[in-house]
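Let me begin by presenting the structure, written as structure tokens, before commenting on it.
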Amino acid sequence: MTSWEFAADHPELTDPEAERLIHAHGHDPDEARQDLGDSFTVTAELFAWLGY
């Protein structure tokens, strides 16, 4: 499964899921929240922010 297939199957994450994913990639969730705003838990937006 690609990241985009995962995003299609799970279009929105919970806050803890998004934070865990961001931490796993070595980033600060607060930085992602600041950059993404309301899109913080939108899987496709988060993956794009992570560089996928």
Side-chain angles (χ1 to χ4, degrees):
M1 173 180 287
T2 68
S3 57
W4 297 114
E5 290 169 334
F6 179 86
D9 289 345
H10 307 279
E12 185 108 14
L13 301 171
T14 65
D15 276 358
E17 289 171 332
E19 288 178 2
R20 188 171 9 134
L21 185 63
I22 293 163
H23 274 298
H25 284 82
H27 295 283
D28 180 2
D30 290 334
E31 181 182 347
R33 270 195 186 91
Q34 184 178 21
D35 289 347
L36 295 172
D38 291 339
S39 297
F40 176 73
T41 58
V42 176
T43 309
E45 294 294 324
L46 184 54
F47 281 174
W49 187 86
L50 290 168
Y52 284 96

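For clarity, every value in this text was computed on a predicted model and none was experimentally measured. As a basis for the values below, the full set of heavy atoms in this structure was taken, side chains included, without hydrogen atoms, waters or symmetry mates.
Val42 and Leu50 fall into different hydrophobic clusters, defined by Ile, Leu, Val, Met, Phe, Trp and Tyr side-chain heavy atoms under 4.5 Å apart, directly or through other members.
Put simply, the side chain of Thr14 gets close to the backbone of Glu17: a donor and an acceptor are under 3.5 Å apart.
For the residue pair Ala18 and Thr41, the shortest heavy atom distance occurs at CB-CG2, 4.4 Å. For the residue pair Ala44 and Ala7, the shortest heavy atom distance occurs at N-CB, 4.1 Å. Across Asp28 and Ile22, no two heavy atoms sit closer than the pair C-CG2, 3.8 Å. Glu12 approaches Thr43 most closely through the heavy-atom pair N-OG1, 3.6 Å. Counting all heavy atoms, side chain and backbone alike, Phe40 lies closest to Pro29 at CE1-O, 3.7 Å.
Between Phe6 and Phe47, the angle of the ring planes lies from 30° to 60°, which puts this pair in the tilted group. Ring geometry for Trp49 versus His27: interplanar angle over 60°, hence perpendicular rather than tilted (30 to 60°).
Using a 4.5 Å cut-off on side-chain heavy atoms (C-beta onward), Arg33 and Glu19 make contact.
Heavy atoms from other residues, nucleotides or ligands lying under 6.0 Å from CG of Asp38 number 12 at most.
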